[in-house]
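Just follow the structure's listing: the first ligand is 1, and inside any ligand the first atom is 1.
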Amino acid sequence: MRRIYMDHSATTCVDPSVLQKMLPFFSEKYGNPNSVHAWGREVRTAIDEARASVARLLNAEPREILFTGGGSEADNLAIKGVAESLSGKGRHVITSAIEHHAVLDTVKWLGKAGFDVTVLPVDSEGRVRVEDFRAAIRPDTILATVMYANNEVGTVQPIRELGEICREKGILFHTDAVQAAGHLPLDVRDLPVDLLTMAAHKMYGPKGVGALYVRKGVRIAPLVHGGGQEFGLRSGTENTAGIVGFGAAAELAARRIANGEIDKERRLRDRLIDGVLSRIEDVLLTGHRTERLPFHASFCIRYIEGEAMLLRLDFAGIGASSGSACTSGSLEPSYVLLAMGLDHATAHGSLRLTLGKDTTEEDIDTILETLPPIVGNLRAMSPFKKNA
Ligand SMILES: Cc1ncc(COP(=O)(O)O)c(C=O)c1O
């Protein structure tokens, strides 16, 4: 049976070209980059090159990139780092209801630490309304954090408009771009963001390594204290192989964007979306139709239980998800879908299919042949059945 992995939003494979670059750093090139001898200097040079590659992907300066232990850590560093650094100026933070838990739980923690938090609602397509955002800003607001694109429904936020408001009001703006980085062109010289989170494992790099872009002149406090690595903002001997892998993944992403491979992915995504909507009744596309990640398709299939559908798909060799990898397995419907105004029963039928660089037209056709009978079968025995 041919197996088709359609959960690239959860994580991707390490590309073979990335792995090749990483391998020597586990064995021959094992020096500590903070050592002055040749072993250390060789590794320091590799880290500098990786930093330059990640910076190039964002059109940032290398000095503006901090390597972290993943996307969650970069989100924590951005939010807690700004909150601590600017707590004397104000104690109000703005976010949206559909952020990843790495952001939502961090701002919740700030709430317990005496900060005031405004959590903005979203519209039925998962977008923050620009007017709500503007209205939420107060004289004591120090930071707004709104994700670039949502992991569960793929919606891309109006980041430029939100960032421009922050500029005008003199507050810092952070965006969690874990899902967007490497898949959409991002240019921080052009985009009004001050801090931006990335994770290598969502763009064909290794797990456990991320980066925080911090615009020159923005001061944040560290979370991890110690030897003063990463410009004093993230202590600890560097994850050399991971960082080198992130650099190689950034180069791969830049090539893929330049070669139009993302447009190819977008066409396949549209074939999948149109196919699902036309072949199955009572299905709705969740998230925005066009302002969405190029590799992301997500639906709610009415009158069925999403988990049962995932198991049937898995049995048929198709790896899908009900939304986020972190909330799969929980019986609670997704907070993202509820925030978009969906009712519990509809939200229970959620299905996320996220394409990767090797997904083919044939894969999409197989999914379009496999899914409708699974849905039909589940509906036939569903307690939520139409007219039941
Ligand atoms: C939008 C978003 N933010 C943050 C994260 C967390 O990243 P990591 O798993 O690298 O900690 C994820 C991972 O799923 C994500 O999708």
Distance-only N or O hit between ligand 1 and [X], under 3.5 Å:
X	answer
His201	yes
Gly71	yes
Glu73	no

_Quick test of your reading of the structure: of Asp176, Asp75, Asn76, Thr11, whose heavy atom lies closest to atom 1 (C) of ligand 1?_
Asp176

*To which of Glu152, Glu99, His100, Lys207 does the heavy atom nearest atom 2 (C) of ligand 1 belong?*
His100

Short list, please: which atoms of ligand 1 are under 4.0 Å from a heavy atom of [X]?
X	value
Asn151	1 (C), 16 (O)
Met147	1 (C)
Gly70	10 (O)
Ala199	10 (O)

*Name all residues meeting the side chain to side chain donor-acceptor pair (under 3.5 Å) criterion together with Arg3; count only those two or more places apart in sequence or in a different chain, and write none if there are none.*
none

When you check the gap from the basic side-chain N to the acidic O, do [X] and [Y] get nearer than 4.0 Å?
X	Y	result
Arg189	Glu64	yes
Arg134	Glu168	yes
Arg44	Glu238	yes
Glu230	Arg51	yes
Asp274	Arg289	yes

*Aromatic rings His8 and Tyr204: how do their planes relate, parallel, tilted or perpendicular, breaks at 30° and 60°?*
tilted

